[in-house]
Amino acid sequence: MIAAGDAEGVGSDEHLAGLVARISWANSAAFGDFYDRTATLAFSVAFRILSNASDAADVVQETFIAVWTKSATFDAARGSPVAWLISICRHKAINRWRQRCRQERLLGAHGRQEETESDGFTVPDCSAGIEARHIRAAVAALAPRDRAVLELAYFGGYTHLEIAGRLQEPAGTVKARIRRALFKLRRELAEFHSEVR
């Protein structure tokens, strides 16, 4: 019988529970291993709720900060490590979504920013479209092999091991490509945000 963790390509529940126990003792190597095995899953959960890559990446960061600081509260009797991680991630993503809704309501209550004279779109609508185009352009500019693994991981929902199987490459190579692609995207988006501010 396959454990829940194995079915998702992240490892057995026992192995992940062992990593969480070691994280509770501030073991950074265990934390790195747990992150490598579960970050793609966390991003997929956050992205499905928020439909925004930047917000989802922020939620993943918040989720793993919580994993580091609250690992001692994990109780295997109450659920698997993957279920615990997903619960944290969902909670943080929903909070982010509610915050975004509150901000939109406040903008509506206090008057939206003035419409542009040419097309009637509000400034937030324009900047959201510009950001989406910039993200698409940044993804398109990646090396084809890096773009392929990123799309499989974050838009296809595949785990690192599933991608490795599909591409017939070592899982370490897939992880390295995903990291490299995310680093390039993060740098591009940071430059974009610094320009628009």
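Here the structure is a predicted model, which means the values were calculated and not measured.
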Is any side-chain heavy atom of [X] less than 4.5 Å from a side-chain heavy atom of [Y]?
{"X": "Lys184", "Y": "Asp146", "answer": "yes"}
{"X": "Ile163", "Y": "Ile178", "answer": "yes"}
{"X": "His15", "Y": "Asp33", "answer": "yes"}
{"X": "Arg100", "Y": "Leu50", "answer": "yes"}
{"X": "Asp36", "Y": "Arg179", "answer": "yes"}

Arg96 (side chain) donor-acceptor with Asp58 (main chain) under 3.5 angstrom =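 Absent.
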
Distance-only, no hydrogens or angles: does the Ser71 side chain make a donor-acceptor pair with backbone N or O of Ser24 under 3.5 Å?
->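 Yes, because the side chain of Ser71 sits within donor-acceptor range (under 3.5 Å) of the backbone of Ser24.
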
Can Ile94 be reached from Ile86 by stepping across I, L, V, M, F, W or Y side chains whose heavy atoms are under 4.5 Å apart?
-> yes

What is the distance from atom [atom1] of [X] to atom [atom2] of [Y], rounded to the nearest 0.5 Å?
{"X": "Asn27", "Y": "Trp68", "atom1": "CG", "atom2": "CH2", "value": "7.0 Å"}
{"X": "His91", "Y": "Glu62", "atom1": "NE2", "atom2": "CD", "value": "10.0 Å"}
{"X": "Ile65", "Y": "Lys92", "atom1": "CD1", "atom2": "NZ", "value": "8.5 Å"}
{"X": "Thr40", "Y": "Leu182", "atom1": "OG1", "atom2": "CG", "value": "8.0 Å"}
{"X": "Gln168", "Y": "Thr173", "atom1": "CD", "atom2": "OG1", "value": "13.0 Å"}
{"X": "Asp55", "Y": "Phe47", "atom1": "CG", "atom2": "CZ", "value": "10.5 Å"}

Of the non-hydrogen atoms in [X] and [Y], which two are nearest, and what is the gap between them?
{"X": "Pro170", "Y": "Ala164", "value": "C-CB, 4.1 Å"}
{"X": "Leu19", "Y": "Ala30", "value": "O-CB, 3.7 Å"}
{"X": "Val59", "Y": "Ala46", "value": "CG1-CB, 3.8 Å"}
{"X": "Ala17", "Y": "Pro81", "value": "N-CG, 3.5 Å"}
{"X": "Phe31", "Y": "Phe64", "value": "CE1-O, 3.4 Å"}
{"X": "His160", "Y": "Val174", "value": "O-CG1, 4.0 Å"}

For atom [atom1] of [X], is the number of surrounding heavy atoms from other residues, nucleotides or ligands below 6.0 Å larger than 12?
{"X": "Gln61", "atom1": "CD", "value": "no"}
{"X": "Arg145", "atom1": "CZ", "value": "no"}
{"X": "Trp97", "atom1": "CH2", "value": "no"}
{"X": "Arg180", "atom1": "CZ", "value": "yes"}

By side chain to side chain donor-acceptor pair (under 3.5 Å) - contacts of Thr63 (at least two apart) |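 Counting only residues at least two positions away or on another chain, Thr63 forms no side chain to side chain donor-acceptor pair (under 3.5 Å).
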
Name all residues meeting the ring pair (Phe, Tyr, Trp, His ring centres under 6.0 Å) criterion together with Trp84; count only those two or more places apart in sequence or in a different chain, and write none if there are none.
-> Phe74

